[in-house]
Every structure is written in structure tokens, then in C-alpha cells.
Amino acid sequence: MFQFNYYAPTKVIFGKGTEKEAGKQVKSFGGTKVLIHYGSGSVVRSGLLGRVKDSLEEEGISYVELGGVVPNPRISLVYQGIALAKREGVDFILAVGGGSVIDSAKAIGYGTANEGDVWDFYEHTRQAAACLPIGVVLTIAAAGSEMSNSSVLTKEESGMKRGYKNDICRPRFAVMDPELTLTLPDYQTACGCTDILMHTMERYFTNGGNMEITDRLAEGLMATVMENAKILRDDPQNYKARAEVMWAGSLSHNGLTGCGNGGDDFTTHGLEHEISGMYDVAHGAGLAAVWGSWARYVYQECLPRFYRFAVKVMGVPEDGDEKAVALKGIEAMEGFYRSIHMPTSFAELGIEPTEEELQEMAHKCSIAAGGKKGSAKALYEEDMLAVYRMAAKG
Ligand code: NZQ
Ligand code: ZN
């Protein structure tokens, strides 16, 4: 067990109808002029945007709006948002949407509160000193950005997708009404469940220490998400399952499931960010497409964790042959992905990278990681390329 810091300052307001609270929460955190930020239209169609505006008006809070965030959010809209926020004297950003909207809001928050080009933070050439306060009305259980310290942006002309972590961007509050997720397309529900699982798996497969309480929380979270992902596959209107998955999404990425484990892996995420940076695929689907290849590439270097995962999470019977059990666990996880219609290879993801493109992704991934990445096994550029090639073979 390792020492750790756990910092999860976001106030959570959870349950049916809680979006009516948005105005009150903004006021309680000192917002007087709000930028409402949202995506490509789902919140307009569902009427949520109107309800959020009503709740701000009830509190006498003025606002401006900026919609149009797309999945894998773009820096160009962030620049527009920064200009708007500065021009209008915005002092609070309310993100109404999913991870893409929240991440775009965080970037606007950095860009408004700091001089210079906001992309510098995503290139890690300097640190942000401040961020406008952010509030969230969450519409999809997936990225966990509603409680996380990270945001991920894409610079469209180069296809560079880069993340930046800083505790100052953690949202002040997150309103989570599971009913808001009932309108999600099935594919997005499954992508979200995959991402939630991955955020815990990235913290679980490490070669550091372990802490039993953390491991059991992680195992419970993973089992719960898998169970409810299947319920939602068959019954997308199931409120209880929506609620289980929504809370799991926040707990999976607010640091809780990594306490004491001595370092995240997050290589599958690094590999995926290059895939969605180049091919603009959904993040969750990209993760599923590459995870099995990553797992087969690294499992022998992290055998006790893969063995434990197979037995405790995937229900593989205990056996003296540790490698065989670990491999059965990986196969079972891939079986789960297929059961919720997630891809387990590049072909199933619908992309066909050339060898040059695989090399480009591996190169960019290693640069973004500063040379190597991973705790289960440290991967260098040639290892990353080997994993991509495995995913390309299928
Ligand atoms: O834009 P709208 O019209 O709202 O449609 C969205 C979008 O097309 C739709 N959607 C969301 N809520 C809906 C809905 N449709 C109907 N009903 C609803 N209630 O779903 C689509 C996906 O939305 P998006 O926000 O892109 O999903 P997600 O939350 O998965 O976010 C993905 C982004 O987050 C990043 C990913 O890389 C990706 O760019 N991540 C951010 C993290 C963080 N900040 O901590 C960590 C993650 O690992 C991840 O990298
Ligand atoms: Zn993720």
C-alpha cells in the first residue's frame, strides 16, 4: 500500500428533477454571469436547456450561451468561448452535457482566467494558474469529467488530442439526474459503460502496491457496471440501472478506485486518444477496440492483478495455472464488450489504419507520454506499435 492524496471537492446533487437546482447551485458558488455551454442539440431537443435557463432566471442570474460542442471537442470552439466569456464578463461556466461539453468548458475556464494560448496547457509547456469556476448538469454517464481534474481537447488541423490535468478545474458542483440519460442512443450508453469500466481498470492493473479496500471497491464497481450495462442493453428505460451507472461513472474517475495502488496505468487511454484524434471515433468504443490487445501484451508482467481480476471480477474458476486463468479473464472481458455491441478490434471499430498510420499513432502516443507510459508494464513507442498492430490484426 502506498501513501495517497484524495481530493474530490465536487458537490453532487443526485436524483430525479435535480436539474431544477442548477440556478441555486450557481448562486451558492458565487456565479453572477454565466456561460451556458452545451453540445450539438440533444439538450435543446429534450427541453433540458430551457429548464436550466429557467432555474438561472429564477435566481436572477444572467447568462450567455454557446452550443455546438462535438464529441472529441475542438479547440476552435474553445477559442470562441474564451472570446465570448471575456467580452461578456462571465464569472461562471455551466456545462450542460457530457464529457465533451465539460472538457470544453474547462478549457474555456483556463483560457479566460489566464493570458496566452490555452493550448500551451495541453502541450504541457506551462501550467494554468487559475480556472473559472465550473458547474455541471450531466447528461451521459461516461467520461467522469464531472468530478475529475482532467480535460481532453483536439486541435483539429493536426488531429492532436491532448489531455491536461489540474485540480483547479474540478467542477464546483455536478447535478446528476439519471432520467436525463434515458434519451441516450444505445451505442452511447454502451460506450459510456466501457469508459467507466476502463477508468477503474486503468487504476487496477498496476505493478505498484495494492490496498484491499480500494481493490474491493474497484471490483464492486466493475461488477456493478457490467451487470447494469447488460440491463440497459435490454431495457434502456430502466431508471435504476441508469442511476447505478451514473454514480459509478463519477466514482470511477474521481480518484477513489486508485487510492493506495501506487500509480495509474492509463496506457489504454493514451493509445485511444491517438485513435479518436485521428479517426474521430467515440472514446469508449476506441478503448474497447484496443484493450484486449493491450491486455494480452502486458498481462505476464502484471500477472497477480490479471489473475485476481479474472477470478474476482470475471468469475473465472481459480486454478494453479495463473497465466491460463489471466487469459480467460481477458477473454471474458472481451466477451462482455461484444455482448454490449462494443468492438474488440480496429476492424470492428470500423477503421483500417495503414502501417504508416499505426506508426504515426505510436509515435504521437509516446511523445504525449514523454517517452513511455504504463504501470502494469511500461510501454515505449515500439511496444505501442506492437499493441496497435495486434488490434489491427483483430
Ligand atoms: O452533443 P449532443 O447533441 O449533446 O450529443 C451527445 C454526443 O453526440 C450525446 N448525448 C449526450 N447526452 C445525451 C446525448 N444524446 C441524447 N441524450 C442525452 N442525454 O452523446 C454523444 C457523446 O457525448 P460526449 O460528451 O462526447 O460523451 P462522453 O461523456 O463520453 O465524452 C467523451 C469525451 O470525454 C473525453 C473523451 O476523450 C472524449 O473526448 N474524456 C474526458 C475525461 C475527463 N475529462 O476526465 C476522461 C475520459 O477518459 C475521456 O478521455
Ligand atoms: Zn476515458
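None of the values given here were measured: they were computed from a predicted structure. When a ligand or atom number is given, it counts from 1 through the structure's own listing order. Here, residue 1 is the first one in the sequence, and each next residue gets the next number.
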Row check, Tyr204 ring normal vs Lys312 NZ/CZ: under 6.0 Å, within 45°:
no

Basic-acidic side-chain contact under 4.0 Å: Arg170, Asp167:
yes

If you leave out waters, which protein N, O or S atoms are less than 2.8 Å from the Zn ion (ligand 2)?
Asp195 OD1, His199 NE2, His269 NE2, His283 NE2

Under the salt bridge (charged side-chain N to carboxylate O under 4.0 Å, His left out) rule, what do Arg126 and Asp117 come out as? Steps first, then yes or no, please.
CA-CA 10 Å; Arg126 64 190 175 107; Asp117 188 351; over 6 Å; no

Residues two or more places apart in sequence or in another chain: which of them pass side-chain hydrogen bond (donor to acceptor under 3.5 Å, both in side chains) with Lys16?
none

Between Arg308 and Glu318, is there a side-chain N and carboxylate O pair less than 4.0 Å apart?
no

Is it true that Arg389 and Glu355 make a salt bridge, defined as a side-chain N closer than 4.0 Å to a carboxylate O?
yes

More than 12 foreign heavy atoms under 6.0 Å from NZ of Lys33: is that the case here?
yes

What residues form a side-chain hydrogen bond (donor to acceptor under 3.5 Å, both in side chains) with Lys155, not counting sequence neighbours?
none

Residues around ligand 1, heavy atom under 4.0 Å from any ligand atom, sorted by chain and number. Can you pull those?
Gly39, Ser40, Gly41, Ser42, Val69, Pro71, Asn72, Pro73, Gly98, Gly99, Ser100, Asp103, Thr139, Ile140, Ala142, Ala143, Ser145, Ser148, Ser150, Ser151, Val152, Lys161, Leu180, Thr183, Leu184, Pro185, Gln188, Asp195, His199, His253, His269, His273, His283

Could you tell me whether the side chains of Tyr279 and Glu357 share a donor-acceptor contact shorter than 3.5 Å?
yes

